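Please read the structure below before turning to the comments.
In each ligand, atom 1 is the first atom listed, and ligand 1 is the first ligand listed. The first residue of the sequence shown is numbered 1, and numbering continues consecutively from there. None of the values given here were measured: they were computed from a predicted structure. Just so you know, these numbers use all the heavy atoms, side chains as well, and skip hydrogens, waters and symmetry mates.
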Amino acid sequence: MPENPFKPSFGSTPPVLVGRDDELEDFAIGLEEGPGSPNRATIFTGARGVGKTVMLTEVASHALSAGWISADATAEAGMLEELHDQLLVKGRELLPSPSRDVTSFGAGGLSIGIAPGDRRELSWRQRMEAIIRTLNERGAGILITVDEVHSGVEELRRLAAAYQHFVRDDLDVAIAFAGLPSAVSALLNDKVLTFLRRAHRVTLEDVPLEAVERALQATITGHGRRIDPEALRAAAEATLGYPFLIQLVGFHIWRQHPARAVITHEDVVAGISAARRRLGTTVHEAGLADLSDVDRTFLVAMAQDPERSKLAAIAARMGVTAGYASQYRARLIEAGMIAPAGHGLVVFAVPYLREYLHEHAASLGLDTLKLDRPENGLV
Ligand SMILES: Nc1ncnc2c1ncn2[C@@H]1O[C@H](COP(=O)(O)OP(=O)(O)O)[C@@H](O)[C@H]1O
Ligand SMILES: [Mg+2]
């Protein structure tokens, strides 16, 4: 029985990367253009599940194929030493071994050996600079990727400051960050991190359905099965072009009858509903858990509209003024849960969130019926 090729979990590289050619191309140009290229500092942002972590993996593997070395961390305490140690390990073949005389390498004869004592005597930046310089001299550029960036991480500021020095010293370096939109905008407002405002900001979006269809088809046939054309179209449409759903839908339509040669329309119908349930327990739950009660009330009030919602109507349902509701509108846009849709209108930015809210409003402590009557003043 062929193995299920889809990868419906955060951070897993998909079997086929859908619709990211332009973003990868921009990054590749940055590496080619040399130090000073604006594309050498990239920030990927976008909703949960849109493929930010996957993009970091992709750019790192592109860099590797171009002869670069990448050090990859998540924004948290300890990330600087992690990056440093990864460079030592990955650059091992190009770096002088600690047992040999290493004092002649690096800037001003700095030792780049890993003798533990060095860590105390030299700053992190000096140690990094010596390693990067040596690796650059041996032909390898250095890419640093940091995932899940947010402004609460002090070490990110130190990395940013050091990176600016590396660039000023003409070192062959590049940096790629990824984070949720609200986290990235907080970061860009940070005084210490002003240089990031000049970085190449890439908002990852949902991908075109034709590309989804081709990817589903290629993945299924590439792994020894087939799918009816109509079933394929229905599956692609159900993903709404949202990358996480491509994997979830693919995974669940496959697993209905994995021993059969053909994925049928029935498999697709059952697979889609399983995928949507799974989306709820991963993306929706996590997204809602990050919000305040009032934010959630706003969303439930919004969920009563079939498509777009008027801010004035949401405010009325919540029993609050339009001014008050507009503060929450701004917060929810920042959080990537909703998006502006023309004057005074908003839509959900997360697929199937409306349906999820309908099904779970009661368990979220937000009864939709009560919301119909503003006098209940849920706020
Ligand atoms: N371009 C893409 N094409 C197909 N699947 C993708 C793509 N980008 C991400 N995925 C899938 O979506 C899911 C979420 O990706 P991830 O990078 O973890 O999202 P994020 O970091 O933005 O939350 C994973 O299962 C991944 O395999
Ligand atoms: Mg991620």
(request) Can you pull out the closest protein heavy atom to atom 18 (O) of ligand 1? Residue, atom name and distance to 0.1 Å, please. (result) Gly11 N, 2.6 Å

(message) As an exercise, identify every atom of ligand 1 less than 4.0 angstrom from a heavy atom of Pro243.
(response) 5 (N), 6 (C), 7 (C), 8 (N), 9 (C), 10 (N), 11 (C), 12 (O)

(message) Using a plain distance cutoff, I'd like to know if Phe10 has any nitrogen or oxygen under 3.5 Å from a nitrogen or oxygen of ligand 1.
(response) no

(request) Determine, stepwise, if the pair Glu213 / Gln217 fulfils side chain to side chain donor-acceptor pair (under 3.5 Å). (result) CA-CA 6 Å; Glu213 208 173 304; Gln217 166 95 298; over 6 Å; no

(message) Under a 4.0 angstrom heavy-atom cut-off, which atoms of ligand 1 come close to Lys7?
(response) 24 (C), 25 (O), 27 (O)

(message) I need the atoms of ligand 1 closer than 4.0 Å to a non-hydrogen atom of Val16, numbered in the order shown.
(response) 3 (N), 4 (C)

(request) Identify which of Glu23, Arg20, Lys52 has a heavy atom lying nearest to atom 22 (O) of ligand 1. (result) Lys52

(message) Using every non-hydrogen atom in the two residues, find where Ile69 and Ala140 come nearest and quote the distance to one decimal.
(response) CD1-CB, 4.0 Å

(request) Give a yes or no on whether the backbone of Ser151 and the side-chain of Arg157 come within a donor-acceptor separation of less than 3.5 Å. (result) yes

(request) Would you check if the distance from the ring center of Phe10 to the ring center of Phe244 is below 6.0 Å? (result) yes

(message) For Thr145, run the side chain to side chain donor-acceptor pair (under 3.5 Å) check against Thr57, Asp72, Thr42 and tell me which one passes.
(response) Asp72

(message) Counting only nitrogen or oxygen atoms and a 3.5 angstrom limit, does Gly49 reach ligand 1?
(response) yes

(request) Give the C-alpha distance, both sets of side-chain angles, the deciding distance and a yes or no for side chain to side chain donor-acceptor pair (under 3.5 Å) between Thr53 and Asp147. (result) CA-CA 7 Å; Thr53 301; Asp147 200 3; 2.7 Å; yes

(request) For ligand 1, indicate whether the residue Leu204 contacts it via side chain, backbone, both or neither (heavy-atom separation under 4.0 Å). (result) neither

(message) I'd like to know if Glu137 pairs up with Arg133 as an ion pair, taking the criterion as any Lys NZ or Arg NE/NH1/NH2 lying under 4.0 Å from an Asp or Glu carboxylate oxygen.
(response) no

(message) Salt bridge or not between Asp172 and Arg40? Use side-chain N to carboxylate O under 4.0 Å.
(response) yes

(message) So if I count the atoms of ligand 1 from 1 in the order they appear, which ones are less than 4.0 Å from some heavy atom of Arg48?
(response) 23 (O)

(request) Return the residue, atom name and 0.1 Å-rounded distance of the protein heavy atom closest to atom 1 (N) of ligand 1. (result) Val18 O, 3.0 Å

(message) Below a 4.0 angstrom heavy-atom separation, can you tell me which part of Ala47, side chain or backbone, both or neither, approaches ligand 1?
(response) backbone

(request) Could you tell me whether Ser12 and ligand 1 have an N or O pair separated by under 3.5 Å? (result) yes

(message) Just to check, does Ser9 reach to within less than 4.0 Å of ligand 1 when the distance is taken from its heavy atoms?
(response) yes

(request) Name the closest protein heavy atom to atom 13 (C) of ligand 1, giving the residue it belongs to and the distance to 0.1 Å. (result) Phe244 CD1, 3.5 Å

(request) Answer yes or no: does an N/O atom from Leu17 fall short of 3.5 Å to an N/O atom of ligand 1? (result) no

(message) Just to be sure I read this right, does ligand 1 sit under 4.0 Å from the backbone of Gln247, its side chain, both, or neither, counting only heavy atoms?
(response) side chain

(request) Using distance alone, determine whether Val54 and ligand 1 share an N or O pair under 3.5 Å. (result) yes

(request) Take the angle between the ring planes of His62 and Phe27 and call it parallel below 30°, perpendicular above 60°, tilted in between. (result) perpendicular

(request) Tell me, please: is Leu56 in heavy-atom contact with ligand 1, that is, under 4.0 Å? (result) no

(message) Using the rule side chain to side chain donor-acceptor pair (under 3.5 Å), only one of His257, Arg255, Arg260, His252 pairs with Asp267; which is it?
(response) His257

(request) Measure the distance from atom 9 (C) of ligand 1 to every protein heavy atom, then report the residue, atom name and distance (to 0.1 Å) of the closest one. (result) Gly51 CA, 3.5 Å

